[in-house]
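To find a chain, count down the sequence lines: A is the first, B the second, and so on, and within it residues start at 1. Quick caveat: nothing in here was measured; it's all calculated off a predicted structure.
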Amino acid sequence: MLVQRHSPSLRPLTTAHLAQTMTLLGLSALELRQKIESALASNPALELVDERRCPTCRRVLAGSSTCPFCSRLPTSSADEPIVFVSAREDFQNFNGTGSREMPEDNYAQAALHEDLPHFVMRQIASELEPEDRPIVAHILTSLDEDGLLSVPLVEIARYHHISLSRIEELLRIIQHADPIGVGSPSPQEALLVQLEVLAETRPVPAMAAEAIKQGMDLLSRHRYSELGQLLGLPTAQITEIARFIGENLYPFPGRFHWGDVSLNRQNQKTNQYSFHYPDVIISRLNESEDTPFIVEVALPLAGTLRINPLFREALQQAPQDKAEQWKSDLEQAALLVKCLQQRNHTIVRLMQKITVLQREFILHGDAHLLPVTRATLAKDLEVHESTISRAVSGKAVQLPSGHIIPMSMFFDRSLHIRTALKQIVDQETKPLSDTEIGSLLAEQGYKVARRTVAKYRSMEGILPAHLRQSNRPQSRQSQTLREAI
DNA sequence: CTATGGCACGGATT
DNA sequence: AATCCGTGCCATAG
């Protein structure tokens with residue numbers, strides 16, 4: 001296998017090597033930690049020693065978690081980013097902020113240790129009868145990335161042989177957990193639940209619930225006068241209700257904070273990137289324009305994982321019945337350590353390439369992202385394409401700006417065009433049709449079909465021209481709301 | 001008649 | 001082999 005070429009020190013790869021390297025490569029820092037912890041617990045041949053060495057230069061590190069020697073290489077330049085693996089002690093205390101503001105602490109905490117289903121379950125578990133828990137778990141795991149329930153309730157009721165009304169009771173409990181409205185079958189219902197909860201602590205506009213119930217589609221299309229007629233209210237009052245909803249309610253309870261790292265593009269536009277522990281942290285050595293990058297590949301452990309030398313000795317005089325077991329433990333341990341090295345090695349090499357290629361993007365944002373494919377990078381690095389895929393998937397990168405983005409964003413083929421599109425719409429004086437936007441994009445060198453403009457536009461949550469009023473800035477929430485329909 | 005969204009196809013990407 | 005993405009065609013709304 002090609003991987004070998006870059007790691008001459010490793011002994012020839014067996015199938016086991018390969019399999020495990022592949023698996024480890026595909027894991028994020030968080031998953032990797034779990035994996036290592038469980039290995040550590042079950043395999044006596046492994047030990048975690050406090051002595052920490054810089055994985056790059058092998059120097060023993062004293063206090064700091066980053067190697068002072070490596071991070072101060074005087075020869076590095078913009079073309080040669082400093083890339084190294086770093087054992088992060090702060091992993092447990094990670095709060096995801098960096099320099100970035102964090103809206104709610106508990107979200108960050110939750111995202112570190114668990115996903116949306118677990119987060120919700122933990123809140124409500126005490127309210128539930130033990131026999132209801134599997135049912136609730138079923139519901140929670142069926143949520144889509146927006147935190148909405150796409151599976152019909154009847155189906156779940158039938159599956160568990162319980163009545164529909166029982167299910168509805170349970171769902172009600174779920175909906176009142178944080179994020180409020182989670183588990184609702186529709187954005188509409190999510191809004192209603194939020195409204196209800198909000199009403200307990202502060203005044204809400206009269207008829208707001210009616211407006212949502214009866215005029216969801218009108219509301220979402222900004223047809224305030226029509227909605228006014230429907231409800232027999234003056235348009236002004238409807239506008240007021242709409243404003244309130246836009247500012248205080250959110251139709252997709254899960255989208256704000258969770259969302260799939262690789263798929264959910266929606267939250268990128270809001271700067272609310274997912275709160276995952278970054279597998280890679282990019283920072284700049286200084287403030288100058290041509291500063292080298294410092295790239296830390298996070299190893300979610302404080303210390304060095306190695307084979308316990310005592311165990312190796314003990315193996316010599318192992319009792320008959322245990323010999324076999326011990327031997328396999330030792331092999332397992334050695335394998336894990338090697339594969340771990342290899343995983344890190346691959347990621348380091350990958351990041352070296354990426355940081356050079358996407359330098360402008362890292363420093364200056366979305367518009368400068370080059371459309372690079374995993375395939376070309378694989379060729380550059382002389383590894384198999386699938387190796388890159390695995391190395392990239394499910395991982396997060398923290399940029400010098402503090403933003404945490406999915407690593408796959410480095411391979412987004414249309415982000416720069418979408419950014420240009422956003423800019424066009426931001427600056428438009430009258431709503432431009434997709435065709436017009438298309439020709440403007442063409443002037444900038446982006447030749448895309450009209451249909452594609454429409455796709456990008458909706459990806460960015462921008463409404464079609466006829467529903468966009470001329471350039472008054474609108475709250476993000478109401479944009480999202482309208483997107484719902 | 002124009003603007004847009006849905007569906008589906010084919011080629012590229014993973 | 002499975003999935004994603006850009007695009008063309010067509011139906012529908014305005």
Side-chain angles (χ1 to χ4, degrees), chain A residues 1-3 18 21-23 25-28 144-145 150 187 215-227 229 259-266 268 346-347 350 353-354 357-358 366 369-395 406-422 424-425 428 430-442 444-470 479-485:
Chain A
M1 188 62 184
L2 285 172
V3 202
L18 258 180
T21 311
M22 286 304 172
T23 337
L25 194 56
L27 298 180
S28 70
D144 61 20
E145 64 185 39
S150 40
M216 184 70 177
D217 57 331
L218 292 175
L219 204 55
S220 62
R221 281 185 290 157
H222 277 199
R223 303 296 187 65
Y224 299 147
S225 50
E226 286 175 48
L227 183 55
Q229 283 174 13
D260 187 301
V261 197
S262 55
L263 295 178
N264 193 355
R265 298 263 168 254
Q266 269 81 8
Q268 291 178 8
T346 309
I347 298 181
L350 174 66
K353 282 282 179 203
I354 290 185
L357 267 173
Q358 302 287 20
D366 292 0
L369 184 79
L370 297 177
V372 185
T373 69
R374 294 164 172 79
T376 55
L377 209 59
K379 226 175 195 175
D380 266 17
L381 290 173
E382 302 179 276
V383 294
H384 195 272
E385 297 170 4
S386 71
T387 310
I388 303 285
S389 277
R390 287 182 178 275
V392 166
S393 74
K395 301 212 175 47
M407 197 186 284
S408 57
M409 198 194 276
F410 286 116
F411 301 94
D412 193 311
R413 276 171 296 164
S414 58
L415 184 64
H416 59 301
I417 306 191
R418 297 206 307 272
T419 315
L421 182 146
K422 256 195 294 191
I424 291 176
V425 175
E428 76 188 1
K430 75 170 178 51
L432 298 168
S433 73
D434 287 348
T435 322
E436 291 166 315
I437 296 177
S439 48
L440 280 174
L441 280 173
Q444 296 184 30
Y446 302 127
K447 294 168 299 177
V448 282
R450 185 236 97 216
R451 189 63 192 79
T452 310
V453 174
K455 284 256 152 95
Y456 288 170
R457 186 172 46 65
S458 73
M459 266 191 223
E460 294 301 331
I462 299 170
L463 291 168
H466 58 98
L467 294 177
R468 240 183 294 145
Q469 57 250 70
S470 43
Q479 290 258 357
T480 322
L481 170 61
R482 274 169 285 139
E483 198 185 308
I485 307 301

**Asked** Which part of the nucleic acid, if any, lies within contact of A/T452, taking any heavy atom under 4.0 Å across all strands shown: a base, the sugar-phosphate backbone alone, or nothing?
**Response** base
**Request:** Search all heavy atoms of A/L432 against all heavy atoms of A/A465 and return the closest pair with its distance.
**Result:** O-CB, 3.3 Å
**Prompt:** Quick one: OG1 on A/T387 to CE on A/M22, what's the gap to the nearest 0.5 Å?
**Reply:** 4.0 Å
**Whole-Å distance separating the CZ atom of A/R390 from the P atom of C/dA2** = 16 Å
**From A/D380 atom CG to A/K353 atom NZ, the distance as rounded to the nearest 0.5 Å** = 4.5 Å
**Message:** Tell me the interatomic distance from A/R418, atom CZ, to C/dC4, atom C1', rounded to whole angstroms.
**Reply:** 13 Å
For nucleotides 11-14 of chain C, tabulate all protein N/O to nucleotide N/O atom pairs closer than 3.5 Å, reporting atom names and distance.
{"from": "C/dG14", "atom 1": "OP1", "to": "A/R221", "atom 2": "NH1", "distance (Å)": "3.4"}

**Interatomic distance where NZ belongs to A/K379 and C1' belongs to B/dT13 [whole Å]** = 14 Å
**Item:** Interatomic spacing from CZ in A/R418 to CG in A/D412 - rounded to 0.5 Å
**Value:** 4.5 Å
**Close side-chain approach of A/T419 to A/L369, heavy-atom, < 4.5 Å** = no
**Atom-to-atom span, CE of A/M459 to P of C/dT7 - whole angstrom** = 11 Å
**Asked** Would one find a side-chain N or O of A/Y456 under 4.0 angstrom from OP1 or OP2 of C/dC5?
**Response** no
**Request:** Can you measure from CD (A/Q444) to CD1 (A/I417) and round to the nearest 0.5 angstrom?
**Result:** 10.0 Å
**Sugar-phosphate, base or nothing in reach of A/S414, heavy atoms under 4.0 Å** = sugar-phosphate
**Complete:** Of A/K430, A/R450, A/R457, the one forming a salt bridge (Lys or Arg N to Asp or Glu O under 4.0 Å) with A/E436 is A/K430
**Message:** If you assign A/K455 and A/R450 each to the DNA chain B nucleotide with the nearest heavy atom, which residue ends up on the more 5' nucleotide?
**Reply:** A/R450
**Asked** Whole-Å distance between C/dG6 C1' and A/L415 CG?
**Response** 17 Å
**Fill in**
Closest of C/dG8, B/dG5, C/dG6 to the A/P464 side chain is B/dG5
**Fill in**
From the list A/T373, A/I354, A/T376, side-chain contact (heavy atoms from CB on, under 4.5 Å) with A/F411 holds only for A/I354
**Item:** Distance (rounded to the nearest 0.5 Å) between A/S414 OG and A/K455 NZ
**Value:** 12.0 Å
**Message:** Expressed as a whole number of angstroms, how long is the span from A/R374:CZ to C/dC5:P?
**Reply:** 9 Å
**Complete:** Checking B/dT4, C/dT7, B/dT14 against the side chain of A/R457 (C-beta onward), the nearest is B/dT4
**Request:** Could you state the atom-to-atom distance from CZ of A/R413 to P of B/dT14 in whole Å?
**Result:** 6 Å
**Request:** Check whether the side chain of A/R451 and the base of B/dG6 form a donor-acceptor pair under 3.5 Å.
**Result:** yes
**Asked** Does the side chain of A/I347 come within less than 4.5 Å of A/L25's, by heavy atoms?
**Response** yes
**Prompt:** Quick one, which residues of residues 434-441 of chain A touch DNA chain B with a heavy atom under 4.0 Å?
**Reply:** A/D434
**Fill in**
Between A/S433 and A/T373, whichever has its closest DNA chain B nucleotide further toward 5' is A/S433
**Item:** d(CD1, A/I462; C1', B/dA3) in whole Å
**Value:** 16 Å
